[in-house]
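What follows is a single structure, written as structure tokens, with notes after it.
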Amino acid sequence: MTSNTESPEIRTTSNFLRDIIEEDVRTKKFGDATVQTRFPPEPNGYLHIGHAKAICLDFGLADEFGGKTNLRFDDTNPEKEEQEYVDSIQNDVRWLGFDWERLCYASDYFGQLYEWALQLIRAGKAYVDDLTADEIRQYRGTLTEPGRDSPYRDRAIEENLDLFTRMKRGEFPDGSRVLRAKIDMASPNVNMRDPVMYRILHASHHRTGDDWCIYPMYDYAHGQSDSIEHVTHSMCTLEFADHQPLYRWYIEQLAIFPSQQIEFDRLNLTYTLMSKRKLLQLVQENRVKGWDDPRMPTLSGLRRRGFTPEAIRAFVTSVGASRTNGVVDFEMLEHFQRNDLNRRAARAMAVLRPLKVVIDNYPEGRKEFVDVANNPEDPSAGTRQVLFSRELYIEQDDFREVPPPKYYRLSPGKEVRLRNAYFVTAQSIVKAPDGSLIEVHCTYDPASRGGNSPDGRKVKSTIHWVSTAHAVSAEIRLYDKLFSKPDPYDVEESGDVLDNLNPNSLEILTGAKLEPSLADAKAGDRFQFERVGYFCVDPDSSPGKLIFNRTLPLKDSWAKLEKKTGA
RNA sequence: UGGGCGAUCGUUCAAUGGCAGGACAGUGCCCUUUGGAGGCACUUAUCCAGGUUCGAAUCCUGGUCGCCCAGCCA
């Protein structure tokens, strides 16, 4: 079921979830039942990397114990849910590398849930309440004061049955009545103060259409759905811990399969956020280009950005699970992504900000092919031929008229290696009247073909290049952190999270020059542009108009050094 | 201020009464036809106070701090 191709250095350390399951299997807590889990998203948005952690836990742990995992849509609130989200979620789970045993919906169980509600009413465990939402809130009490019983709490069973069936038939308007569980209005746990089981919602559901006008609440639906599917280990995030007594209460009252809920911590990352509500807001207010904007922490955004499922899986398993709230450094994710791409991404030479170089002693009109490794990390990736000629583009950053200390690249009088080609020495520069640099003139050493000089001469730097006459142009989209603060919620008194959006999270370069082999790269293809970073062809790209997204830059120890000594 | 949960290097996860360890980040060196990658080394932690024990990060007691809960959302 799962494709576990985690990189070898990812040791699966123990975590408390695995310990619990191991213990349950050992003690046969569920008899001979196999481990059964479920991943239960509400289809009200796109999946993000926080969900990836839950997915890896739900699918991964079940798989470890020879169990199965269902994908179940928790679709009990038709007002927020859409088919678009159902589709994207399935797509993203598969992309991450998992496949489910069964595809389920809470709405599959609406009929059963309704029958069980009748059963609870008959047992005197549920009642129809005519209080308004506002009144229910007032009767609920506060965190420190107990609630009070609703005046409708002791309605006769027959009357409750009558009212509830009429609620279902659509005789009452939205909000006029609810069905409540009769538990304990004085419970210190507010979730147990006669929680609402059903509300009236004359809304069209993405699957059941207008079949229903009453919908079960999460608490009334989730545990029973788990139970119906014989879920043994129902893992969810920490904020549901207070709901566990209620989860168990319904299961016990109904005397059905005893699924057990176990909570773990949410994944948080620096410089971004995981709130579906906030992500939706970013999309709706056009602060980003959509759910799959490469700056988004959504799986679709990360995919478009060039992140790989392998790296994301390795990352979330490395981060582990516990019950402590924390925030993981975004650098951790970047590390796993670079690690993966370094091994797999084909190399290419690409110049993001071109500077023209003319090799004065290289014959005009001559061109030649040089041999280049497709991936130095992987000899089996083979080699290719790249055109070299008298006029080239190099990176603007790779030339300094006045080199700072420790700057090893091209500067007047200095010799460097053009990767896989020749040694060149900068001889002179040409400037425009405004003083800006137009081109650099060099001489090359014909004996250094391939990048080594027979006399054993060393150079301190190797730079990449592209032949001007053969280069293909491309648009490059550079992405940076979505938010400018590690904690986006770190705002002034009356401020909003979105105030912390990084205004420079996207930079578009239109004049990039790439080696010719990149001309027929297809959407989704990933490359390492040597010495620059990892890039992925954007779906906006077309044969005549190449567009690359920068997944991540390469680590840049020179930039770090320069910043340090410059400061 | 009621209830629930938690607290270990800067971050994250281990250590399940017996030498506090890994990963990320950081620092230094080596190596390098990517200032990439790789190799080596180094720095840094058990919230506090008591107690039990030959021995406590782990068990007990009391504090402190943090997160979650008062939707007819999930």
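Quick note on labels: first sequence line is chain A, next is B, and so on, each numbered from 1. Quick caveat, the model's predicted, so the values are computed rather than measured.
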Looking across every strand, which nucleic acid part, if any, lies under 4.0 Å from D74(A) by heavy atom: base, sugar-phosphate, or nothing?
sugar-phosphate
Testing the 3.5 Å rule here: is there a donor-acceptor pair between the side chains of E82(A) and N44(A)?
no
Both A241(A) and Y407(A) contact RNA chain B. Which one's nearest nucleotide lies toward the 5' end?
A241(A)
Are OP1 or OP2 of C73(B) and a side-chain N or O of T76(A) less than 4.0 angstrom apart?
no
Can a salt bridge be assigned to the pair E81(A) and R207(A) using a cut-off of 4.0 Å between side-chain N and carboxylate O?
no
For A20(B) and G28(B), measure between their P atoms and round to the nearest Å.
29 Å
Just name whichever nucleotide pairs with U46(B), Watson-Crick or G-U, keeping both distances under 3.5 Å, else none.
none
Suppose you measure atom C1' in G18(B) against the same atom in C59(B); what distance do you get, rounded to whole Å?
15 Å
Would you mind classifying the nucleic acid contact of V327(A) as base, sugar-phosphate or nothing, using non-hydrogen atoms under 4.0 angstrom?
sugar-phosphate
Checking contacts here: which listed nucleotide (G35(B), U12(B), G6(B)) is nearest the side-chain heavy atoms of V319(A)?
U12(B)
Side-chain donor/acceptor contact of E239(A) with base of G4(B) under 3.5 Å
no
Give the nucleotide from the list A70(B), U11(B), C73(B) with an atom nearest to the side chain of D329(A).
U11(B)
What heavy-atom pair brings T551(A) and Q337(A) nearest, and what distance separates the two atoms?
CG2-CG, 4.3 Å
Are OP1 or OP2 of U11(B) and a side-chain N or O of T270(A) less than 4.0 angstrom apart?
no
For the pair R353(A) and E395(A), find out whether any cationic side-chain nitrogen is under 4.0 Å from an anionic carboxylate oxygen.
no
Any idea which of C69(B), C72(B), A37(B) is nearest the M217(A) side chain?
C72(B)
Kindly say if K560(A) contacts the phosphate of G26(B), meaning a side-chain N or O under 4.0 Å from OP1 or OP2.
yes
Taking a pair to mean Watson-Crick or G-U wobble geometry with both distances below 3.5 Å, G18(B) pairs with C54(B)
P188(A) side chain: which of G2(B), C72(B), C13(B) is closest?
G2(B)
Is S318(A) near enough to C13(B) that one of its side-chain N or O atoms lies under 4.0 angstrom from OP1 or OP2?
no
Taking the side chain of L554(A) as heavy atoms from C-beta outward, which of G36(B), C13(B), A23(B) is closest to it?
G36(B)
When you measure from the side chain of V190(A), which nucleotide among C69(B), C73(B), U34(B) comes out closest?
C69(B)
Is there a donor N/O on one and an acceptor N/O on the other, under 3.5 Å, for the side chain of N325(A) and the base of G6(B)?
no
Considering every strand shown, what is the Watson-Crick or G-U wobble mate of C24(B) when both distances are under 3.5 Å?
G10(B)
Can you tell me if R531(A) touches the phosphate of G35(B), counting only side-chain N or O atoms and a distance under 4.0 Å to OP1 or OP2?
yes
Would one find a side-chain N or O of R137(A) under 4.0 angstrom from OP1 or OP2 of G71(B)?
yes
Given G28(B), A23(B), A7(B), identify the nucleotide with an atom nearest to the side chain of T324(A).
A7(B)
Within 45° cone and under 6.0 Å: K168(A) NZ/CZ vs W212(A) ring:
yes
Considering only NZ, NE, NH1 and NH2 on the basic side and carboxylate oxygens on the acidic side, decide whether E79(A) and R199(A) come within less than 4.0 Å.
no
Shortest side-chain distance from F240(A), nucleotide among U34(B), A70(B), A74(B)
A74(B)
The Watson-Crick or G-U wobble partner of U34(B), with both key distances under 3.5 Å, is none
Nearest whole Å is fine: how far is A74(B) C1' from M274(A) CE?
18 Å
Using a 4.0 Å heavy-atom cut-off, does G175(A) contact any base of the nucleic acid, only the sugar-phosphate backbone, or nothing at all?
base
Looking only at G35(B), C73(B), C72(B), the nucleotide nearest the N77(A) side chain is C73(B)
With sugar-phosphate meaning primed atoms plus P, OP1 and OP2, does H222(A) contact a base, only sugar-phosphate, or nothing at under 4.0 Å between heavy atoms?
nothing
Just to be sure I understand the rule, does N44(A) reach a base, reach only the sugar-phosphate, or reach nothing, if contact means heavy atoms closer than 4.0 Å?
nothing
For the student: nearest non-hydrogen atoms of A373(A) and T383(A), plus distance
CA-CG2, 4.1 Å
Between R343(A) and D378(A) (salt bridge meaning N to carboxylate O under 4.0 Å), is one present in this structure?
no
For U12(B) and R323(A) - does any side-chain N or O of the residue sit under 4.0 Å from the phosphate oxygens OP1/OP2?
no
With a 4.0 Å cutoff (strictly under), does any side-chain N or O of K555(A) reach OP1 or OP2 of A37(B)?
yes
G35(B), U34(B), A70(B): which one has an atom nearest the side-chain heavy atoms of R347(A)?
U34(B)
Quick check on A74(B): is either OP1 or OP2 less than 4.0 Å from any side-chain nitrogen or oxygen of R199(A)?
yes
Using only side-chain N and O atoms of T462(A), determine if any of them is under 4.0 Å from OP1 or OP2 of U34(B).
no
Kindly say whether, by distance alone, the side chain of Q528(A) makes a donor-acceptor pair under 3.5 Å with the base of U34(B)?
yes
Give none if C5(B) has no partner; otherwise give the nucleotide forming a Watson-Crick or G-U wobble pair with it, both distances under 3.5 Å.
G66(B)
Taking 4.0 Å as the cut-off, does a side-chain nitrogen or oxygen of H464(A) come that near to OP1 or OP2 on U34(B)?
no
Counter-base of A74(B), judged by Watson-Crick or G-U geometry with both distances under 3.5 Å:
none
G71(B) glycosidic conformation (syn if within 90° of 0, otherwise anti) is syn
Select base, sugar-phosphate, or nothing to describe what Y215(A) touches, counting heavy atoms under 4.0 Å on all strands.
nothing
Can you tell whether the side chains of E377(A) and R347(A) come within less than 4.0 Å, N to carboxylate O?
no
